[in-house]
Peer 1: 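My questions all concern the structure below.
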Amino acid sequence: MSKTVGIDLGTTFSLVAWVNPETGRPECIRGPYGTSLCPSVVSLDEDGRIVAGEPARRRLLTQPERTIYSVKRLMGRGVDDVQDELRRFPFRIDPESHNVIRVRLGERYFTPPEISAFILREVKGWAEEFFHEPVTRAVITVPAYFNDAQRQATKDAGRLAGLEVLRLVNEPTAAALAYGLDREQRGRVAVYDFGGGTFDVSILKLIAEGEGDIYQVLATSGDTHLGGDDIDNLLLDLARGEIRRDLGFDFAEYPESLQDLRKTLIAAKHELSHAAETTVRFLLPGELAYVRRLTRDGLDRLIAPVVDRTFGPVRQALSDARFKPSEMDEVVLVGGSTRIPLVRSRVEDLFGRAPHVELDPDEVVALGAAVQANILTTGVQGTLLLDVTPLSLGLETMGGVVAKLIPRNSTIPASAEELFTTGVDNQTGIDLHILQGERELARDCRSLARFRLPVEPAPAGMARVEVRFTIDASGILQVRARDLKTGQERTADVQPSYGLSGQEIERMLVESIDFAEQDFAERQLIEARNEAETILHATEKSLAGADDNSLDPAERASISGAVAALRQAMAGTDYRLVRERTDELNEATTPLAELLMDRAIRSALEGKKLAEI
Amino acid sequence: MSVSSLAFPACWNCGAPPGGGHFCVGCGKIQPLDPASGYFAFFGLPEKLNLDAADLDRRYLALSWKLHPDNFVRAEEFERNLSLDRSSVLNDAYRVLRDPVSRAEYLLARHGVRKEGQTKQQAPPELLEEVFELNESLEELRAARRSGDAAESVALARSLETAGRNFQAKLGEVDSELAGAFGEWDAALDRSAGEDDRARLMARMNEILNRRSYIRNLVAGVTQELGEAPGE
């Protein structure tokens with residue numbers, strides 16, 4: 001059976017992990033750049049090919065027009081939702097896009113799920129490289145506070161990357177799962193997850209039960225648009241303002257330079273997590289230089305409002321779980337932004353205890369995803385996650401008021417059943433509007449979907465349609481309807497308010513399947529060719545070392561034949577053939593290798609004898 | 001297809017009578033839900049209102065291990081849907097039965113005594129006078145705040161606090177009244193009381209629940225109003 005991986009599809013970085021069956025522990029898989037962090041950056045090169053990860057991040061400086069980062073902020077959102085982001089992020093959005101945003105990279109347009117799929121495909125490739133076999137199934141993590149549309153968009157991205165998404169797991173829950181492996185802790189756990197673009201907090205109860213450990217999430221809250229990005233933007237605003245004021249320089253014409261400045265400021269931010277002060281030095285186009293001393297105190301003052309914003313959700317989650325901060329037994333920090341000393345001290349102050357930071361905050365979520373992937377593929381083995389839905393699910397009723405069907409923090413899977421009837425004679429359908437959110441009025445909640453239940457024409461009030469709303473274990477809504485009078489199942493054609501339709505996914509899938517297989521074959525080919533090169537080189541060297549008399553002419557001929565066959569295979573694109581020919585050459589050179597080995601041993605013995613004399 | 005809606009006389013897998021539980025007694029496969037069986041039956045419990053919370057927790061966790069979709073990731077879609085249905089109902093049932101008030105409301109709704117969203121929001125007659133005064137104080141407080149009369153606001157808030165405490169105490173009284181009714185209901189079940197007896201008890205509980213809901217809303221209103229006080 002092929003391996004199932006856990007993937008943390010992050011705003012800034014994405015990671016892939018698996019559970020090593022030899023150790024039973026989760027491990028992150030490193031990519032070709034030696035790190036497990038794959039930048040969540042995608043770029044379209046001049047030949048129209050997609051580049052993702054580190055090479056794309058490098059292109060951010062040279063080709064900002066063709067490159068995108070932080071696309072997670074756009075997942076499952078409509079054009080109207082992101083106006084705020086547009087002022088902050090250099091997203092080039094197709095003005096024609098409707099319920100799904102389309103982003104321009106160079107001359108082409110992509111939806112956020114497609115762009116995320118390119119990132120997923122990149123880390124999937126890392127895993128395939130590592131396992132030497134295709135990977136087709138994954139558990140992907142999402143911010144706990146992601147709504148239905150954002151979750152669906154993530155699942156779509158997985159499908160587009162050629163992955164069967166077995167489950168979406170909430171990031172803080174995954175982190176708790178990763179920690180649970182390392183420590184025998186029981187009790188109440190608060191997970192504070194401050195990442196690149198999202199903030200989540202979850203309150204969990206760890207229950208040791210007869211059959212194993214249950215991780216029961218009691219409450220979760222968060223802000224899907226609050227993260228390290230916001231801190232970076234504050235620094236960027238500050239520097240931009242000073243540069244304009246003091247140097248009279250404006251970045252409007254220099255998007256490349258602005259990205260470069262952003263990178264410099266992020267490096268300074270990272271440095272201030274260890275040092276008390278640092279100096280930003282930045283060369284502007286036209287021989288101007290911006291030099292600024294930045295202290296940790298200064299940074300703290302600047303970012304305090306952003307850090308403050310995380311504590312609203314923290315108090316909400318605690319109050320929903322009916323706990324005081326002091327009642328938590330453990331506090332876990334997750335996400336790169338928790339490296340900031342101010343964040344750590346504020347969390348410690350609130351809970352009155354030192355938070356756990358033993359696991360790398362960048363890796364912990366991916367590790368937890370791998371644990372869940374392992375649970376799902378090997379069957380429940382002593383660990384069960386009971387997560388919750390972060391937002392209430394409701395229906396719009398008369399006057400635009402929302403009737404709640406499933407309250408927030410309900411354990412998932414969760415469901416609700418409603419009975420509907422008609423208001424006028426011979427009505428042929430009942431319109432439903434599904435929403436997610438805590439507000440009283442529909443217009444203040446998130447629209448998930450609108451759809452029409454078909455009914456047989458009848459006098460008003462005679463129709464009886466039962467609708468079952470189910471939130472699955474990934475937090476995604478399913479709707480089923482049944483006509484009680486006829487007993488007939490009614491398929492409700494649920495059109496998502498912000499998301500791709502089934503047909504759009506199918507179309508993209510067709511496009512991407514070619515892509516995926518091609519990708520895998522291409523990587524395999526490169527690898528097979530490299531291997532072949534190595535053995536060819538070794539063979540040539542050996543042949544040169546063996547004089548004509550010592551090697552049987554028939555063997556020499558067979559080696560030459562195998563070399564020629566391998567060279568021919570390498571000129572083609574079939575990686576299987578290259579591997580086959582490599583193996584054949586290996587076999588053909590066995591007598592040669594033995595010969596050389598004999599000779600080496602003999603000369604070694606002779607040397608010894610000489611020495612003994 | 002909806003799997004919850006179809007009544008299966010025989011196990012969908014082995015054809016034998018499945019035995020009415022979550023899993024077929026013959027082949028062990030998960031079974032479709034019978035829409036007529038309620039939350040109590042789901043846990044294998046009688047419809048009693050005094051419920052041992054620790055016992056319910058145990059039953060819930062034991063069933064979670066068995067019914068959760070984690071166990072069915074590799075199963076066919078049909079079985080996966082059965083697990084989704086059963087595990088979602090398990091969570092819904094646990095959420096409803098864990099809380100005594102929602103437990104009682106559920107029981108009454110199940111027997112057609114109480115309808116969701118159609119509960120009467122009328123002031124109980126014996127509270128009419130106090131409710132009237134309370135609403136008046138609330139209105140005065142809002143008016144004083146609008147006009148920026150700080151001293152008056154503080155005085156009114158203080159008297160409102162007293163009234164809020166008064167209603168909070170009444171809520172406690174209603175709760176003990178409800179607990180008494182729970183005991184009577186359970187006793188009625190034990191002695192297999194007739195329909196009339198049960199209907200009378202349910203009507204009484206419904207009346208108590210309506211009163212409780214009304215008072216609770218009052219208390220919530222006062223708490224919210226005081227919580228919004230500026231300068232606190």
Side-chain angles (χ1 to χ4, degrees), chain A residues 1 4 137 139 164 166-167 205 207-212 214 216 372-373 375-389 397 403-407 409-419 466-474 478 480-484 487-491, chain B residues 1-7 30 32-33 35-36 38-39 42 54 56-75 77-78 80-99 102 106 109-110 112 115-118 223-224 227:
Chain A
M1 196 167 60
T4 305
R137 295 181 305 174
V139 166
E164 184 194 345
L166 295 186
R167 182 71 51 80
K205 197 163 77 176
I207 309 163
E209 220 256 346
E211 301 203 39
I214 295 185
Q216 187 176 22
Q372 179 68 5
I375 292 170
L376 293 184
T377 38
T378 58
V380 178
Q381 288 183 326
T383 307
L384 181 64
L385 270 193
L386 296 176
D387 220 313
V388 299
T389 179
T397 59
K404 289 217 173 113
L405 295 174
I406 300 174
N409 293 324
S410 294
T411 305
I412 51 174
S415 61
E417 227 162 42
E418 282 288 298
L419 194 62
E466 189 183 73
V467 183
R468 188 168 173 80
F469 303 87
T470 308
I471 298 176
D472 70 14
S474 291
Q478 301 181 3
R480 282 176 295 169
R482 195 163 54 102
D483 191 322
L484 288 188
Q488 237 175 14
E489 196 70 23
R490 292 288 192 180
T491 44
Chain B
M1 69 184 282
S2 166
V3 283
S4 63
S5 55
L6 303 173
I30 190 165
L33 264 174
Y39 288 168
F42 195 96
L56 183 68
D57 286 353
R58 270 194 300 278
R59 286 169 193 260
Y60 169 70
L61 294 178
L63 284 173
S64 289
W65 281 112
K66 295 195 177 91
L67 300 175
H68 197 273
D70 276 9
N71 296 303
F72 298 87
V73 168
R74 286 170 299 173
E77 191 184 0
F78 176 77
R80 284 210 308 269
N81 281 334
L82 292 179
S83 152
L84 183 59
D85 280 349
R86 279 216 182 251
S87 59
S88 64
V89 169
L90 168 67
N91 288 325
D92 302 341
Y94 180 58
R95 189 172 63 242
V96 165
L97 295 191
R98 203 171 27 172
D99 176 67
S102 64
Y106 166 77
R110 184 167 158 72
K115 286 210 175 87
E116 193 79 36
Q118 290 186 6
T223 311
Q224 196 192 355

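Naming: A, B, ... by sequence-line order, numbering from 1 per chain. The figures here come from the full heavy-atom set of this structure, side chains too, leaving out hydrogens, waters and symmetry mates. Just so we're clear, the structure is a prediction, and the values are computed from it rather than from any experiment.
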Peer 1: Please name the pair of heavy atoms, one in B:W65 and one in A:L384, separated by the smallest distance, quoted to 0.1 Å.
Peer 2: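 Looking at all heavy atoms of both residues, the shortest contact is CZ3-CB, 3.6 Å.
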
Peer 1: With sequence neighbours left out, write down each residue that passes side-chain contact (heavy atoms from CB on, under 4.5 Å) with A:K404, or none if nothing qualifies.
Peer 2: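 Partners of A:K404 by the side-chain contact (heavy atoms from CB on, under 4.5 Å) criterion, ordered by chain and then number, come out as A:S392, A:E438.
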
Peer 1: Give, for atom CZ of B:R74 and atom OG1 of A:T377, the distance between the pair rounded to the nearest 0.5 Å.
Peer 2: 7.0 Å

Peer 1: At what distance, to the nearest 0.5 angstrom, does CD of A:Q216 lie from CG of B:L61?
Peer 2: 6.5 Å

Peer 1: So which atom in A:L386 and which in B:H68 form the shortest heavy-atom distance, rounded to 0.1 Å?
Peer 2: CD2-CD2, 3.7 Å

Peer 1: Check this for me: does any side-chain nitrogen of one of A:R480 and B:D85 sit under 4.0 Å from a carboxylate oxygen of the other?
Peer 2: yes

Peer 1: Of all residues at least two apart in sequence or in a different chain, which pass the side-chain contact (heavy atoms from CB on, under 4.5 Å) check with B:N91?
Peer 2: A:T411, A:P413, B:Y60

Peer 1: With a 4.5 Å limit on heavy-atom distance, are the side chains of B:P69 and A:R167 in contact?
Peer 2: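 Yes, close enough: below the 4.5 Å cut-off.
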
Peer 1: Looking only at non-hydrogen atoms, find the nearest pair between B:R95 and A:S415 and report the distance.
Peer 2: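 Heavy atoms only, the tightest pair is NH2-O, 4.4 Å.
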
Peer 1: Please report the interatomic distance CG(A:L385) to OG(B:S64), rounded to the nearest 0.5 Å.
Peer 2: 12.0 Å

Peer 1: Flag the one option from A:I406, A:I214, A:L166 with the top tally of heavy-atom pairs under 4.5 Å to chain B.
Peer 2: A:I214

Peer 1: Any heavy-atom pair between the side chains of B:S88 and A:R468 that's under 4.5 Å?
Peer 2: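 Yes, side chains in contact.
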
Peer 1: What part of A:T470 lies closer than 4.5 angstrom to a heavy atom of chain B: side chain, backbone, both or neither?
Peer 2: side chain

